[in-house]
Structure formats: structure tokens, C-alpha cells
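One structure is given here, and the rest of the page talks about it.
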Amino acid sequence: MNILAIESSCDETACAVIKDGTEILSSVVASSTAMHEKWGGIVPEVAAREQLASILPVLTEALQQFSDIKIQRDKDIKSVIKNSIDAVAITVGPGLIGSLLIGVEAAKTIAFATEKPIIPVNHVLAHMYANFLEEFQENSSRAKSRISRGTKSRDTIISFPAISLVVSGGHTELFLMKNEKDLNWLGGTIDDAAGEAFDKSARLLGFGSRGGVAIQEAANKVNCHCDPAKGGRSNLYNKDRHASLAMTKEQKINSLPRPMMHDDSLNFSFSGLKTAILREVNKLKQSNSFNNTIIEQLSYEVQEAITDVLVAKTMKAAEMYDAKSIMISGGVASNERLREKFIFSTISQPPHLPIQFHCPAVELCTDNAAFIGSYAYFRGKKEDWHTVTAIPDLSVEG
Ligand code: KG4
Ligand code: ZN
């Protein structure tokens with residue numbers, strides 16, 4: 001079954017063709033990040049205008065990557081969809097209303113014109129299906145670029161029950177997955193999402209709207225020693241590069257809080273972190289010590305604090321539900337340190353058996369249409385085009 005998937009919930013415009021929920025036949029993502037850097041963050045109207053301009057070129061490119069015929073006219077688009085696509089999947093929420101409407105109206109028009117069924121998709125739930133996608137084969141003619149490896153290959157099968165952590169710019173949610181279809185929401189953030197905490201910290205540290213990627217880059221410049229016993233990195237993973245800053249003599253910053261890390265719930269809270277960083281930055285600025293080295297140390301500590309909490313809560317859920325695997329997804333799941341901590345935690349849990357760990361390739365963590373198509377295949381319900389509508393505050397708990 002070939003699904004044409006469309007995603008436009010935030011600032012990306014993306015289209016993909018997915019076969020049987022796992023094989024990426026084509027995937028194209030256009031991002032307006034450069035625009036947002038200019039404005040210091042996402043401006044909904046700017047995002048929507050960019051998406052309006054991008055949607056047709058992105059759709060055409062996604063169909064072109066997948067089709068053998070050279071697409072030159074609107075008629076060609078229609079005939080490729082009519083002949084080779086079984087359904088159209090579309091993100092209906094949660095997201096920005098102006099952005100969602102562009103994808104939703106495009107998908108409805110396609111479904112109407114080609115008489116194909118349409119499958120509405122919840123963007124947050126769909127993120128976790130990036131773990132079901134096979135990565136592009138590096139030698140394949142369809143692979144447009146080398147992608148950083150995740151854990152998924154043709155041979156990896158996810159064992160259930162699984163605990164699934166979705167960590168994106170707007171969401172930090174834990175789910176129990178009993179099989180590919182059966183999802184139960186277990187907990188989520190009570191205030192800021194983990195991605196939001198990265199983004200707000202990045203702004204305070206002077207990285208503008210470059211967010212978690214900038215924090216990761218700066219944190220990677222910190223050199224210290226590793227003590228796995230204290231939650232640092234295992235010798236198996238990049239030995240000698242990281243450790244708790246609290247252990248280094250040159251440390252000039254206070255360690256940041258790990259909110260709710262040890263409470264009984266499966267909820268998260270990250271807003272206190274932003275306040276703590278603000279306090280730290282102000283203090284350092286007042287004493288004229290806010291320099292590049294300090295910014296790198298603060299970035300390291302922010303990354304440690306956020307990833308410590310994410311790993312602790314996910315491992316707690318895995319223990320509570322006797323999970324056989326853990327999977328992570330969403331933009332923050334591309335964070336290298338988070339991946340390493342999960343790898344370390346899932347292989348070294350005596351007396352328990354090792355838990356499988358799954359994470360998508362970096363390109364499949366951030367927003368794209370491939371995971372929208374995968375979700376639609378495993379969990380979607382076909383609808384008639386005129387009942388489909390954009391729902392900006394669509395719940396993730398259902
Ligand atoms: O899933 P996503 O692309 O969009 C949403 O659905 O929100 O996630 C975007 C979030 C941003 O907060 C961004 O700063 C964060 O993912 N992010 C990262 C990294 N790459 C993206 N956070 C930490 N480390 C990264 N390497
Ligand atoms: Zn997302």
C-alpha cells in the first residue's frame with residue numbers, strides 16, 4: 001500500500017511516499033528556518049506564507065523522486081497519484097492553524113480530484129512511527145543524502161510492550177505501546193517541553209533561534225573525564241569526552257536542577273530550568289565572566305540536566321510496565337548525548353535483561369512527512385475528504 005503523506009503543522013512543508021508503513025519511497029522537506037532566524041523565532045504568518053509557496057514544489061518533487069515518468073504538468077501529478085497512490089495522509093494537528101490549513105486544504109483537494117481516501121493524522125503520535133521506518137539505503141538511487149544512522153534496519157523488529165518517549169519542540173510525552181496500533185498515554189510535561197527548554201536556554205546563551213542543535217555543538221566542546229558510575233558516559237561510548245561538570249576543577253557554574261526527576265509520577269517539568277539558567281547568566285554577566293568557555297559549560301550542563309530527566313523518567317516507565325523496548329522520537333531525540341545515555345542505560349541494567357533501544361536516524365527525528373505516512377498505515381482511519389478538518393489543539397492523550 002502506497003501512502004502519499006503531507007505535513008505542515010509548524011514551520012516545515014513536507015511530502016513523502018511510504019510503502020506498507022516502513023519503506024520510504026520518497027521524502028522531501030522544505031524548512032523556513034533561515035527566515036525564522038532573521039525574525040528570532042517562528043512567526044506563524046511568515047511560516048504559513050512560506051508553506052503556501054512551498055507546498056506544490058515539494059509535492060511535485062516527492063512524486064518525481066518516486067515516479068518513473070518526468071512530471072511536467074498538473075495533469076502528470078494527477079495521473080501519478082491516481083495510478084500509484086492508495087491513500088493521502090495529512091497532519092490535522094496539533095500545530096499552528098495557518099500552517100495546518102495549507103496542508104489540510106492541499107490534501108483535501110488532492111483526495112477530491114483523484115478520488116482517493118484521506119487519512120487524518122495526529123502529528124505528535126506520528127513522531128514515534130519514525131522508529132518503524134527503514135532508513136534510506138545508502139547505495140540506493142533514491143537516497144538523496146547520507147543520513148546519520150538510527151537503530152532501524154530491515155532486520156530490527158521492535159519488541160512489545162514498548163515505552164515510547166516523544167520529545168519535540170512542543171511536547172514531552174510518554175506512551176505505552178502494546179503493539180503497532182495500541183497506544184496508552186502515560187504522562188507528559190506539566191509546563192515547558194524539553195525542546196522548548198533547549199530553545200529558551202539557547203536564546204539566553206546567545207544562540208538566537210538555533211535551539212538544541214546549538215546547545216549540543218557548544219556542549220561538545222567541553223572536555224572532561226568520564227565516570228559512568230555517576231551517570232557519566234560509559235567507556236564504550238566516546239570515552240574521555242564527557243562527564244559531570246560538577247567533577248571538574250575549572251567549573252565556574254552551579255549545577256542546574258533536575259525537576260521532578262525522582263518523584264512518583266511519569267510527568268515532567270522544565271520551566272524551572274529556564275529560570276535557573278536566567279539567574280546563572282545574570283550572575284555571570286554581572287561579574288563579567290560570561291565568556292565563550294562559560295557558555296560552553298552552561299550548554300553542557302543544560303544538556304546534562306534535560307537528558308538526565310528524560311532518561312530517568314523513561315527508564316522508570318520501562319520498569320513499571322516491564323517493557324521489552326524503549327523508543328524515542330521527535331527533534332530532541334536527535335540529541336547525541338540523549339542517545340548515548342539511553343544506550344548506556346538499556347544495556348546495563350542488571351539484574352534485568354537488556355532492553356532494546358530504538359531511535360530513528362537524525363533526519364527522521366525532526367519534522368518530516370515520512371512518519372506521517374507510517375502512522376497512517378499502522379493506525380490511521382480512512383475518511384471522506386469533506387469531513388477532514390485542521391485541529392490546532394488536537395489532544396495526544398486519546
Ligand atoms: O520534532 P521537531 O522537529 O518539531 C516539533 O514538532 O516541535 O522538534 C524541534 C525541537 C526544537 O525544540 C529543537 O531545538 C529540538 O527539537 N532539537 C534538538 C536537537 N535537534 C533539534 N534538541 C536537542 N539536541 C538536538 N540535537
Ligand atoms: Zn514534530
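Everything numeric in this text was worked out from a predicted model, so none of it was measured. Just the heavy atoms: all of them, side chains too, but no hydrogens, waters or symmetry mates, feed the values below. Just so you know, ligand 1 is whichever comes first in the structure, and atom 1 is the first atom listed for that ligand.
- Taking CG from L364 and CD1 from I24, the interatomic distance works out to 4.5 Å, rounded to the nearest 0.5 Å.
- For residue C10, no N/O/S atom approaches the Zn ion (ligand 2) to within less than 2.8 Å.
- When the Zn ion (ligand 2) is compared with the N/O/S atoms of D367, atom OD1 turns out nearest.
- Considering CD1 of I71 and CG of L63, their distance stands at 5.0 Å, rounded to 0.5 Å.
- Among pairs with a residue in residues 164-192, those fulfilling salt bridge (Lys or Arg N to Asp or Glu O under 4.0 Å) read D192-K200, D192-K274, at least two apart in sequence or across chains.
- Sorted pairs that involve residues 84-102 and meet salt bridge (Lys or Arg N to Asp or Glu O under 4.0 Å), not counting sequence neighbours, are lacking altogether.
- Taking the six-membered ring wherever Trp is involved, the centroid distance between the rings of H123 and F371 falls below 6.0 Å.
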Indicate every side-chain donor-acceptor pair of residues 99-109 with a distance under 3.5 Å to a residue at least two apart or in another chain.
from: S99; atom 1: OG; to: C10; atom 2: O; distance (Å): 3.0
from: S99; atom 1: OG; to: Q51; atom 2: OE1; distance (Å): 2.7
from: K108; atom 1: NZ; to: V388; atom 2: O; distance (Å): 2.7
from: T109; atom 1: OG1; to: E105; atom 2: O; distance (Å): 2.6

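- Using a cutoff of 4.0 Å between basic side-chain nitrogens and carboxylate oxygens, E301 and R258 are scored as salt-bridged.
- Among the atoms of H171, no N, O or S atom falls under 2.8 Å of the Zn ion (ligand 2).
- Under 4.0 Å from any atom of ligand 1, one finds heavy atoms of residues H123, H127, S168, G169, G170, G195, F198, D199, G211, G212, V213, Q216, G330, G331, V332, S334, N335, C365, T366, D367.
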